[in-house]
Amino acid sequence: MRPIWFLLMTGVWAAQAGGDPFAAERERMVLRQIVDRGVRNADVLRVMRATPRHLFVPERLRSLAYEDQPLPIGYQATISQPYIVALMTELLSAGPRHKVLEIGTGSGYQAAVLAQLAGHVYTIEIVGELAQSAQEALRRLEYGNVTVRQGDGYKGWPEQAPFERILLTAAPPEIPQALIDQLAPGGRLVAPVGETSSQELVVLEKNAAGKIRRRNAGLVTFVPMRRHAQ
Ligand code: SAH
């Protein structure tokens, strides 16, 4: 007779595999790409395990959804590499009482990840078609606490400010002052910053008195933040 733990594990595996054919690939992604590179926050790992990345990439690229790379999503935009999404999510450290602003909705994947950790996610995308398709994907998957809007991220979202957390997923040459102004006291902003194809990942904190401190957390590669709607 097989031991009971074997039957239980087989049951769990069968349920996962039956419900989601990508569950095993996603588990491998989390262990090999994310845990092995040092992301250890349990909440971040939980949401990376739970988020169906394959439903945020173009259908013809679905088989590559859990590979260790960014993927093109059209309009010169990319869905970031899974590790980078996990790393930035860990650095941002959003919690259930936080209002989060994301600049660069793209596919909506990073917003979906944040939605499972934060109170509400407001996300701005400059390309109308991407804003629309991300909104549809997020609605279909029932992430009810995300609001998508088409617009220019350089201006932020003054009507909803202040935000406890702000994440940029497109790289400006410098952090826009409007976004620093819309960061709540005690808040944190994470952004790729720089003019070249490789940028510094900056973590900026505003203390209760409004004083700003920033540190660099490594090099990353993001699409540049555009100046105007194109
Ligand atoms: N977070 C996304 C990846 C975004 S790629 C995801 O999870 O898929 C960067 C995105 O920023 C692109 O979609 C690009 O169109 C958008 N973008 C570029 N400049 C912008 C600006 N000024 N305001 C808002 N979005 C911008």
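Every number for a ligand or one of its atoms is a count from 1 in the order of the listing. Residue numbers run from 1 in the order of the sequence given.
At least one cation-pi condition fails for R53 and Y66: the charged atom is not both under 6.0 angstrom from the six-membered ring centre and inside a 45 degree cone around its axis.
In this structure, Q177 places its CD atom where more than 12 heavy-atom neighbours from other residues, nucleotides or ligands lie under 6.0 Å away.
Protein residues having a heavy atom under 4.0 Å from any atom of ligand 1 are A77, T78, I79, E102, I103, G104, T105, G106, S107, Y109, Q110, I124, E125, I126, V127, L130, G151, D152, G153, Y154, T169, A170, V223, P224, M225, R226, listed by chain and number.
The backbone N or O of G119 sits less than 3.5 Å from a side-chain atom of N145, completing a donor-acceptor pair.
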Legend entry - From CA spacing to verdict: side-chain hydrogen bond (donor to acceptor under 3.5 Å, both in side chains), E125, T105: CA-CA 5 Å; E125 169 56 54; T105 315; 4.7 Å; no

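Taking the six-membered ring wherever Trp is involved, the centroid distance between the rings of H54 and F56 does not fall below 6.0 Å.
Ion pairing between a basic and an acidic side chain is recognised when a charged N comes within 4.0 Å of a carboxylate O; R214 and E200 show no such pairing.
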